[in-house]
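Worksheet: one structure, shown below.
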Protein chains: 2
Amino acid sequence: MPRWANAVPNRAEQQDLKRKAIIREAARIFSRRGCHGATLDDVADRLGVTKPALYRYVRNKHDLLFACHEEAMDIGDKALESGAAQGTTGLQKVRIAMTAYLSEMIGELGVPVLILEENALQGVEAETIYARRDAFETRLRGLVELGVQDGSILPLNPKLAVFMLLGSVHWVTKWYKPDGAWSADDVSDALIELATRSLAANPAHELSASIHIAAPVPLKPGPN
Amino acid sequence: MPRWANAVPNRAEQQDLKRKAIIREAARIFSRRGCHGATLDDVADRLGVTKPALYRYVRNKHDLLFACHEEAMDIGDKALESGAAQGTTGLQKVRIAMTAYLSEMIGELGVPVLILEENALQGVEAETIYARRDAFETRLRGLVELGVQDGSILPLNPKLAVFMLLGSVHWVTKWYKPDGAWSADDVSDALIELATRSLAANPAHELSASIHIAAPVPLKPGPN
DNA sequence: TATTTTTGTTACTTTCTGGTAACTTTAATT
DNA sequence: AATTAAAGTTACCAGAAAGTAACAAAAATA
């Protein structure tokens with residue numbers, strides 16, 4: 001009995017849990033080593049199983065990659081949702097959304113952002129993900145535009161602003177190590193506070209999150 | 001005679017030019033499709049040659065990847081140099097350095113950032129690149145600290161700030177398309193002005209670069 | 001306890017791609 | 001023009017990794 005079975009719910013549920021575990025682990029490895037650089041043997045090893053076992057839960061590697069991206073987009077949509085709902089000003093909506101997005105992403109159960117290599121996904125599945133990603137960016141841009149209108153964000157090109165934010169957020173997966181001194185929430189709060197300060201019509205004169213003062217952000221020597 | 005020979009200098013120079021062309025093209029493909037996702041046949045095809053021809057100029061794929069990273073780090077070092085030399089305040093040094101870095105990177109002859117996949121590089125060469133990258137980040141952090149001391153940058157965690165900047169900068173390679181309405185310099189100026197505004201002790205009340213006002217940043221539908 | 005179903009393994013095939021060897025073409029030199 | 005060296009090509013080899021088939025172990029059911 002491999003180590004992925006913790007609790008013991010009924011059969012179908014068990015299957016679902018295992019599939020989710022595979023996806024999470026695969027996402028981690030894919031986003032670190034790239035889709036082509038990661039082997040299914042790697043994924044299987046990490047789960048204490050052999051490769052053919054995976055094929056009971058996933059059609060093939062392509063399907064697995066697709067599932068990873070879907071998971072990631074689900075997180076993104078959820079984050080946008082909460083931002084749009086909870087924030088009062090446009091700027092606040094953006095902040096809440098991005099903070100949720102990031103902390104979910106790098107948190108314990110999150111699917112670390114998959115930096116999509118061109119041609120890794122193909123066919124209908126590729127189109128599906130590209131469409132979802134476009135929709136995500138468009139919605140986020142909408143929040144920025146809202147902020148420009150309500151005066152919380154200074155006049156700027158929303159596309160550029162969104163790209164800037166997404167860049168600094170996605171890059172976190174390259175340096176953040178969960179086993180360091182800072183929790184996923186610490187890092188998320190601090191990074192978003194800093195990054196969104198560039199958009200603010202009236203930027204604060206000091207930064208609040210404690211991580212800004214305390215010195216060492218846990219960084220990872222070795223590959224970025 | 002393949003299409004990479006434009007001018008006709010002497011023999012050794014010719015060789016060098018071809019090697020550089022290979023590195024540039026490889027960097028482009030590596031950073032789009034990932035090191036493992038890119039084949040040497042792809043690189044060769046783009047240059048109008050067959051794979052074995054490459055081996056006259058490069059020892060092997062690993063060596064080629066290493067060369068790409070060295071090129072990228074050269075650009076980084078040069079950018080830091082000019083920033084440190086030309087800027088008066090710490091904030092200005094950071095701005096100049098990052099703008100130069102980015103525009104060189106995405107410009108015509110630049111080597112687009114290689115987002116290093118873990119384990120893509122190995123052995124001594126990996127160590128070499130990691131060391132150079134660490135040195136680069138440390139130096140950049142130094143400029144930020146300078147800014148904090150001279151009051152141009154508000155008190156913050158320099159590591160976090162640098163990671164934020166590098167993220168938004170490196171991400172540009174995911175969305176910028178050179179054949180759009182905006183030049184590499186346009187994008188670089190605008191993005192850095194925006195991103196570094198988050199660090200500024202006294203952020204400007206409006207953005208200067210024209211791209212901030214004009215609407216559509218050329219973005220690329222399809223893979224990010 | 002015997003039977004059946006589920007889950008996973010070992011052993012294999014196939015494809016793709018990095019790398020090499022032997023040959024051909026092009027161009028410089030005498 | 002003949003000779004020699006450089007630059008590329010075609011044809012191949014070897015290894016790695018995706019995916020499959022046939023079997024074994026475990027667990028549920030009877």
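- Salt bridge present: R132(B) and D74(B) bring a charged side-chain N and a carboxylate O closer than 4.0 Å.
- At a threshold of 4.5 Å between non-hydrogen side-chain atoms, the residues V169(B) and W171(A) do not count as touching.
- Under the 3.5 Å distance criterion, with hydrogens and angles disregarded, no donor-acceptor pair is assigned to the side chains of Y130(B) and H69(B).
- Between I22(A) atom CD1 and dT7(C) atom C1' the separation is 12 Å, expressed in whole Å.
- Taking atom CZ on R19(B) and atom P on dA6(D), their separation rounds to 18 Å, with Å as the unit.
- Atom CD in E13(A) sits about 18 Å away from atom C1' in dT7(C), given to the nearest Å.
- Partner of K20(A) under the side-chain contact (heavy atoms from CB on, under 4.5 Å) criterion, chosen from I22(A), D16(A), I23(A), L17(A): D16(A).
- Neither OP1 nor OP2 of dG8(C) sits under 4.0 Å from any side-chain N or O of T50(A).
- Following rounding to the nearest Å, K18(A) (NZ) and dT6(C) (P) show an atom-to-atom distance of 13 Å.
- Here dG19(D) presents its C1' atom at 17 Å from CG of L65(A), a figure rounded to the nearest Å.
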- Item | B/S/- contact track for nucleotides 18-25 of chain C, protein heavy atom under 4.0 Å | BBB-----
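- Counting only N and O atoms by type, the side chains of T39(A) and D42(A) include a donor and acceptor under 3.5 Å apart.
- With contacts defined as side-chain heavy-atom distances shorter than 4.5 Å, the pair M98(B)/L191(B) does not qualify.
- Straight-line distance from the CD atom of Q15(B) to the C1' atom of dT26(C): 15 Å, rounded to whole Å.
- In this structure, the CG atom of N119(B) is 12 Å from the P atom of dA17(D), given to the nearest Å.
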